[in-house]
Amino acid sequence: LIERITLYRKEKPMAWQFTNDRPVYLQIEEEIQLRIVTGIYAAGSRLPSVRDLAEEAQVNPNTMQKALQELERDELIISQRTTGKFVTDNQNKIVSVRKSIAKSLIDEFVLKMKKLGITKIDTIALINEDN
């Protein structure tokens, strides 16, 4: 995930990559969230069609539609009946999702450090050494 975030800073998303450990629609949802919070899909912008996204990701359109429905339920995207799906223009929502992603990454990192026997305080000290 960290590698994907770094690559997004270059403004060009990498190819869709899926693993077998979780449902594909959840991985699609996460990918689109990343594209939104990194500005690939700008606030208020129109998303590609379900069919175009499904073709790009090489998945069934129904799978793509399920992921988009989840994003809509989470109010990160909005459907407009005649014009398509759009990224929310609610910056607070986008910032909230970005923070949620960051917190998940931090929690995962801290857990890995604990498995190495490194405390949270020592982890912070290590991070500060490099900065």
Heavy-atom check, side chain of Ile127 versus side chain of Phe109, under 4.5 Å: yes

Residue pair Asp89, Phe86: steps toward the side-chain contact (heavy atoms from CB on, under 4.5 Å) verdict: CA-CA 9 Å; Asp89 57 1; Phe86 292 80; over 6 Å; no

Check: Gln27/Thr19 side-chain N/O donor and acceptor closer than 3.5 Å: yes

Salt-bridge present (Arg22, Glu30; N to O < 4.0 Å): yes

Donor-acceptor side-chain pairing of Lys85 and Ser79 below 3.5 angstrom: yes

Separation between CD of Glu129 and CD1 of Ile124, rounded to the nearest 0.5 Å: 12.5 Å

Of Leu76, Val97, Ile77, the residue whose pairing with Thr88 passes side-chain contact (heavy atoms from CB on, under 4.5 Å): Leu76

Hydrophobic cluster identity match, Leu116 and Leu126, side-chain contacts under 4.5 Å: yes

Rounded distance (nearest 0.5 Å) linking atom NZ of Lys120 with atom CD1 of Ile106: 10.0 Å

Side chains of Ile28 and Met64 in contact at under 4.5 Å (non-hydrogen atoms): yes

Test side-chain contact (heavy atoms from CB on, under 4.5 Å) applied to Glu72 and Ile78, step by step: CA-CA 6 Å; Glu72 189 169 356; Ile78 300 160; 5.7 Å; no

Check: Asp74 and Glu29 side chains under 4.5 Å, non-hydrogen atoms: yes

Co-membership, hydrophobic cluster, residues Leu105 and Leu34, 4.5 Å side-chain: yes

No-hydrogen, no-angle side-chain donor-acceptor test under 3.5 Å, Thr63 and Asn60: no

Evaluation steps, side-chain contact (heavy atoms from CB on, under 4.5 Å), between Ile101 and Arg98: CA-CA 5 Å; Ile101 292 169; Arg98 181 182 294 127; 5.9 Å; no

Same apolar cluster (I L V M F W Y, side chains within < 4.5 Å links), Leu71/Leu53: yes

side-chain contact (heavy atoms from CB on, under 4.5 Å) assessment of Ile32 paired with Leu68: CA-CA 9 Å; Ile32 293 173; Leu68 293 172; 3.7 Å; yes

Under 3.5 Å: donor-acceptor pair, side chain of Ser96, backbone of Asn92: no

Gap between atom CD1 of Ile40 and atom OG of Ser45 - 0.5 Å precision: 10.5 Å

4.5 Å side-chain heavy-atom contact, Val59 and Phe18: yes

Nearest-0.5 Å distance, CG of residue Asp21 to CG of residue Leu26: 10.0 Å

Donor-acceptor side-chain pairing of Gln58 and Trp16 below 3.5 angstrom: no

Salt-bridge contact Lys115-Glu108 (side-chain N to carboxylate O under 4.0 Å): no

